[in-house]
Amino acid sequence: MAETLALVDYGAGNLHSVANALRAAGAQGVAITADPNVVRAADRIVLPGVGSFRACAEGLNAIPGLVAAMAERVHVGGAPFLGICVGMQLLADRGVEHGITDGLGWIAGEVRRIEPADATIKIPHMGWNDVAVPHRSDADDLIEVGEAYFLHSYHFVPDDGAAIAAMTDHGGGLVAAVAQGNVVGVQFHPEKSQAYGLALLERFLEWTP
Amino acid sequence: MTVRIRVIPCLDVANGRVVKGVNFVELKDAGDPVEQARAYDAAGADELCFLDITASHEARGTLLDIVRRTAEVCFMPLTVGGGVRTVEDARALLLAGADKVAVNSAAVSRPEVVADIAQKMGSQCIVASIDARRRIDPAHPERVAGWEIFTHGGRKPPGIDAVAHAVRLAELGAGELLVTSMDGDGTQAGYDHARPRAIADAVPIPVIASGGVGTLDHLVAGVIEGHASAVLAASIFHFGHHTIAEAQAALRAAGLPARG
């Protein structure tokens with residue numbers, strides 16, 4: 001039987017771009033859903049997100065049972081999970097954008113504003129930049145070295161450097177991907193990163209962490 | 001390396017077809033937007049921009065359909081501008097598959113719309129577009145008295161200083177600025193570098209330089225002299241004078257970070 005992939009719909013904008021890219025990468029059963037029962041039955045989960053950490057966290061928490069269903073499917077069921085952009089940042093304990101807001105707390109750390117020492121460095125960090133893999137991580141077979149499209153003003157600072165799966169550089173090092181067990185998050189947008197992004201999504205569809 | 005200088009082809013769209021205006025007047029039809037977008041995606045464009053230059057109420061459905069069909073086959077960031085006046089206009093384009101919306105006239109007459117969109121959809125999706133032109137001192141026609149913004153496709157000068165307006169838009173929550181030099185637009189005579197540089201140096205957000213790119217050197221100068229983070233151009237790519245790869249190579253040859 002074909003796999004089902006729950007693309008979590010909590011009002012966070014670029015859902016259809018992610019759905020289009022997943023389909024182009026070969027995903028068959030993409031369910032765009034906010035239904036906890038669909039999430040609980042999914043083989044894989046993708047959490048997109050654009051906008052502010054606070055708005056996304058509130059949107060996610062506003063749907064009764066959704067976070068609990070994701071946690072159960074991912075932590076008990078072992079389903080591979082991919083967070084994209086703010087969907088990656090939500091994995092942290094908390095974010096500071098528009099006031100301190102709790103995240104999912106799945107990967108210990110905090111989401112802070114990018115504050116480069118050099119004032120000529122433009123924020124948001126916007127455009128194509130390196131995805132560098134500094135050391136082995138739980139997403140070794142998923143995150144490859146390349147160039148991807150970034151668009152963010154805040155960045156994930158994990159408590160434990162071992163959770164870092166990739167780095168980029170914009171006026172200093174920024175975390176480009178985090179991974180822990182079957183949970184991976186990418187700061188960049190695979191759905192907007194042409195061949196590199198589609199190949200990453202293809203690998204995620206096959207990923208057996 | 002660091003973040004790459006973006007090369008952004010721009011497709012002017014009128015009534016569902018791609019056109020390219022020379023100083024916004026004589027339009028040449030150059031094809032189907034979705035096919036063009038797909039070609040640019042395959043060519044490695046860093047982003048793509050659609051500007052709906054008719055921006056009429058009637059053409060809105062057509063534009064949304066183009067955006068939807070483009071987002072199904074193109075996997076790069078897409079900015080759509082033209083006639084975005086309200087949060088609802090922005091939302092419709094984003095839901096159709098745009099990643100960013102460019103706001104121009106509305107941001108002049110009602111700058112709060114930028115703050116509205118930023119609050120609802122995030123700063124990352126707002127490109128505040130500034131069309132600017134040299135202001136000539138009427139008493140001394142040989143003298144440039146400043147740089148003021150233009151709206152409505154470059155027809156009604158509201159007499160607002162371009163740099164002050166740019167700073168305001170950044171404060172209101174724009175994620176980046178698209179600065180078009182009306183003096184050079186479509187004439188391929190090159191960017192007016194001093195003006196975009198004055199804006200780029202005054203705001204913390206990225207600036208896209210646009211207007212009158214006729215050669216690869218113009219693109220490079222837009223970054224080195226204009227301090228732009230991205231360059232947007234139409235005719236130079238559209239009519240086959242140069243490829244995206246050539247533009248990226250020219251940037252790299254000048255020591256700038258670019259893809260390819």
Side-chain angles (χ1 to χ4, degrees), chain A residues 11-25 49-56 85-86 97-98 114 116 118-130 132 146-154 168-172 174 189-199 201, chain B residues 1-8 41-48 67-78 91 94-100 117-127 170 173-177 200-201 203-208 227-230 248 257-260:
Chain A
N14 68 335
L15 213 58
H16 293 283
S17 294
V18 178
N20 287 334
L22 283 165
R23 289 190 188 108
V50 295
S52 79
F53 186 99
R54 169 162 231 151
C56 286
C85 195
V86 182
E97 189 173 3
H98 301 313
I114 304 171
D118 177 352
T120 66
I121 298 286
K122 297 297 189 180
I123 306 293
H125 172 217
M126 182 185 294
W128 294 78
N129 207 336
D130 296 303
E147 291 171 308
Y149 190 88
F150 291 81
L151 179 43
H152 60 124
S153 300
Y154 290 77
T168 192
D169 191 299
H170 185 61
L174 297 175
H189 287 275
E191 77 282 11
K192 295 291 159 187
S193 297
Q194 293 170 342
Y196 175 85
L198 294 181
L201 293 176
Chain B
M1 229 184 343
T2 184
V3 70
R4 314 297 190 263
I5 301 298
R6 287 167 284 148
V7 175
I8 309 173
D41 194 30
D46 296 316
E47 293 187 16
L48 183 69
V67 170
R68 203 170 289 118
R69 289 191 290 122
T70 301
E72 280 169 14
V73 294
C74 288
F75 302 101
M76 64 177 157
L78 174 64
R91 192 192 307 275
L94 295 171
L95 285 176
D99 298 287
K100 313 179 199 180
I117 298 171
Q119 268 162 24
K120 301 264 171 25
M121 261 85 67
S123 287
Q124 84 292 332
C125 74
I126 308 173
V127 183
E176 65 181 327
L177 299 175
D201 291 351
V203 297
I205 57 178
V207 165
I208 308 166
H227 294 184
S229 300
Q248 290 163 334
R259 280 211 300 161

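For a residue to count as touching a neighbouring chain, one of its non-hydrogen atoms must lie under 4.5 Å from one of that chain's; by this rule A/H170 touches chain B with backbone and side chain alike. When heavy atoms are compared at a cutoff of 4.5 Å, B/R259 approaches chain A by way of both its backbone and its side chain. Heavy atoms of A/A21 lying under 4.5 Å from chain B belong to its backbone as well as its side chain. For B/A45, the part sitting under 4.5 Å from any heavy atom of chain A is the backbone (N, CA, C, O) and nothing else. Contact annotation for B/S229: only side-chain heavy atoms (C-beta onward) come within less than 4.5 Å of a heavy atom of chain A.
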Inset, instruction - Would you please test A/H16 and A/N20 for side chain to side chain donor-acceptor pair (under 3.5 Å) and show each step? - result: CA-CA 6 Å; A/H16 293 283; A/N20 287 334; over 6 Å; no
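Remark: the backbone N or O of A/F53 is paired with a side-chain donor or acceptor of A/E97 at under 3.5 angstrom. The backbone N or O of B/G173 lies less than 3.5 Å from a partner atom in the side chain of B/S123, making a donor-acceptor pair.
Here A/K192 does not pair with B/E47 in a salt bridge; the nearest charged N to carboxylate O distance is not below 4.0 Å.
Between the side chains of B/D41 and A/Q194, at least one donor-acceptor pair of N or O atoms lies under 3.5 Å.
Of the listed residues (B/G44, B/A200, B/P206), the greatest number of heavy-atom pairs within a distance under 4.5 Å of chain A belongs to B/P206. Across A/K122, A/E191, A/E147, A/H125, the residue that shares the most heavy-atom pairs under 4.5 angstrom with chain B is A/K122. Interface remark: of the candidates B/M121, B/E176, B/H227, B/E176 forms the most heavy-atom pairs closer than 4.5 Å to chain A.
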Side-chain polar contacts of residues 69-77 of chain B - donor-acceptor pairs under 3.5 angstrom, sequence neighbours left out - could you list them?
{"from": "B/R69", "atom 1": "NE", "to": "B/D65", "atom 2": "OD2", "distance (Å)": "3.1"}
{"from": "B/T70", "atom 1": "OG1", "to": "B/I66", "atom 2": "O", "distance (Å)": "2.7"}

